[in-house]
Amino acid sequence: MEQQLKAPPQIRNVAQFLRGNLKARVGALNGKRLDYFKGKSAIKALLSPAYQKAKDVPPVTDENQALAVLSAVNAFAFFLRVQRGGPSGSSSSSPKNLQIIQEQMFGADEYFAWFFEGSQWTTYAGGILMVAIMLAGVMFPLWPPIMRLGVWYLSIGMLGLIGLFFAIAIVRLIFYVITIVVASPGIWIFPKLFADVGFVESFIPLWEWDLPKKKSKKSKKGEKSEKKKGKAVSTNGGGAFIEEVDESGDSRPHSRAARVEDVEDEDA
């Protein structure tokens with residue numbers, strides 16, 4: 001946008017800082033996906049220690065100064081105030097619909113859509129790297145014999161690691177099935193092999209019993225509430241009413257006692 005080119009260096013630096021440090025959500029504006037954020041998050045970002053370390057930016061010490069700086073950034077159309085609507089798709093997790101509001105002002109409870117992409121050097125560097133990799137692959141027959149031999153050894157090593165991983169997965173499954181029969185409830189080798197942990201943590205511990213997970217406190221409370229419900233039984237001819245109630249007041253297992261009450265006959 002032309003307005004962004006007219007922005008002072010300090011305002012541009014603030015926009016650059018927010019674009020790189022502010023966590024944004026994804027919305028849909030006229031069918032195009034855009035990042036947006038809430039004003040309160042931008043205020044917190046300017047009051048954070050990271051902003052105090054930034055260079056060539058306006059000083060911000062309180063919320064009023066943060067609102068003034070963000071209003072100046074909004075005036076140069078780095079981000080615009082939008083109204084957030086419902087989901088753009090059939091799923092509730094799809095991006096929210098966004099609509100630009102004509103009256104532009106900054107507020108803590110308002111939503112703002114980014115129209116500034118920030119520094120593009122990473123995009124350019126990635127594009128150049130992809131072109132270099134493609135050219136290197138095309139020119140592989142022209143490589144020196146030593147380089148081609150090194151690539152061959154590297155590929156064999158990668159295939160060996162992948163094969164070793166599959167072999168470990170198959171062996172641990174077979175061992176688990178055997179231990180279910182021999183030593184129930186079974187033993188897993190490398191129980192965290194497929195867990196969302198680091199590479200080293202995937203092989204720690206070496207083995208573990210396949211014990212069932214403990215029930216949560218909520219499920220235990222639900223079971224106790226069901227046990228506390230008494231059972232009532234009445235005689236057909238009237239005269240006696242028997243009700244089973246729980247004994248409470250101690251931490252011992254719940255026991256039930258019978259209580260007999262005399263009731264009036266309906267015919268009397």
Side-chain angles (χ1 to χ4, degrees), residues 1-37 41-42 45-46 48-57 73-74 76-80 82 88-89 91 93-96 98 112-170 190 192-204:
M1 292 185 179
E2 296 181 0
Q3 292 178 327
Q4 297 179 4
L5 299 176
K6 299 177 182 179
Q10 286 190 340
I11 299 299
R12 176 174 287 274
N13 291 338
V14 173
Q16 186 73 41
F17 171 81
L18 292 174
R19 198 68 175 99
N21 295 272
L22 192 61
K23 185 178 180 180
R25 313 173 192 177
V26 179
L29 179 64
N30 297 327
K32 181 181 178 181
R33 296 202 172 193
L34 287 177
D35 292 338
Y36 73 98
F37 62 92
S41 301
L46 294 189
S48 65
Y51 180 80
Q52 305 301 327
K53 298 178 181 179
K55 298 180 180 179
D56 195 18
V57 292
V73 178
N74 179 224
F76 288 97
F78 287 100
F79 49 76
L80 296 178
V82 295
S88 58
S91 176
S93 60
S94 56
K96 305 288 186 181
L98 304 177
F112 299 88
W114 279 108
F115 290 88
F116 175 63
E117 296 298 333
S119 178
Q120 298 294 312
W121 72 268
T122 54
T123 304
Y124 297 145
I128 294 173
L129 181 62
M130 288 295 296
V131 172
I133 292 174
M134 293 177 63
L135 288 176
V138 172
M139 299 176 64
F140 179 77
L142 302 178
W143 287 17
I146 297 177
M147 292 182 63
R148 284 185 287 176
L149 184 62
V151 171
W152 184 82
Y153 280 125
L154 183 63
S155 62
I156 293 299
M158 293 296 296
L159 290 175
L161 289 176
I162 295 174
L164 179 62
F165 179 81
F166 281 103
I168 292 174
I170 294 172
F190 303 130
K192 295 184 179 180
L193 184 63
F194 297 102
D196 187 14
V197 294
F199 178 77
V200 178
E201 289 80 4
S202 300
F203 300 95
I204 301 174

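Count residues from 1 along the sequence.
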*Look only at the side chain of Ser88 and the backbone of Pro95, and say whether a donor-acceptor pair between them is shorter than 3.5 Å.*
yes
_Could you work out, with side chain to side chain donor-acceptor pair (under 3.5 Å) as the rule, every residue matching Asn13, not counting sequence neighbours?_
Asp56
*Which heavy atom in Leu18 sits nearest to a heavy atom in Ala42, and how many Å separate them?*
CD2-O, 4.2 Å
*Is there a donor-acceptor pair closer than 3.5 Å between any side-chain N or O of Gln4 and the backbone N or O of Ala77?*
yes
*If you take all heavy atoms of Gly27 and Leu98, which pair is closest and at what distance?*
CA-CD1, 3.9 Å
*So, does Asn74 use its side chain to make a donor-acceptor pair with the main chain of Phe79 at under 3.5 Å?*
yes
_Any Phe194 side-chain heavy atom under 4.5 Å of Ser202 side chain_ = no
*For Leu46 and Tyr51, which heavy atoms make the closest approach, and how far apart are they?*
O-CD2, 3.2 Å
_Please determine whether the number of non-hydrogen atoms from other residues, nucleotides or ligands lying under 6.0 Å from atom CD1 of Ile146 exceeds 12._
no
_Parallel, tilted or perpendicular, as decided by the 30° and 60° cut-offs, for the rings of Phe78 and Phe116_ = perpendicular
*May I ask you to decide if Leu193's main-chain N or O and Glu201's side chain share a donor-acceptor pair within less than 3.5 Å?*
no
_side chain to side chain donor-acceptor pair (under 3.5 Å): pairs with one or both residues in residues 143-166, sequence neighbours excluded_ = none
*Between Ala15 and Trp114, which heavy-atom pair has the shortest distance, and what is it?*
O-CH2, 3.8 Å
_For Lys96, I'd like to know if atom NZ has over 12 heavy atoms of other residues, nucleotides or ligands within 6.0 Å._
yes
*Partners of Tyr124 by ring pair (Phe, Tyr, Trp, His ring centres under 6.0 Å), sequence neighbours excluded?*
none
_Partners meeting ring pair (Phe, Tyr, Trp, His ring centres under 6.0 Å) with Phe203 (sequence neighbours left out)_ = Phe190, Phe199
*How far does CD of Glu117 sit from CD of Gln16, to the nearest 0.5 angstrom?*
11.0 Å
*Minimum side-chain heavy-atom gap Leu80-Tyr36 below 4.5 Å*: no
*Where the side chain of Arg33 meets the backbone of Val26, is there a donor-acceptor pair that is under 3.5 Å apart?*
no
*Could you tell me which non-hydrogen atom of Phe17 sits nearest to which non-hydrogen atom of Ala54, and how far apart they are?*
CD1-CB, 4.5 Å
*Would you please name every residue forming a ring pair (Phe, Tyr, Trp, His ring centres under 6.0 Å) with Phe166, sequence neighbours left out?*
none
*What heavy-atom pair brings Leu22 and Ser41 nearest, and what distance separates the two atoms?*
CD1-O, 3.5 Å
_Suppose the criterion is salt bridge (Lys or Arg N to Asp or Glu O under 4.0 Å): which pairs have a residue in residues 20-32, not counting sequence neighbours?_
none
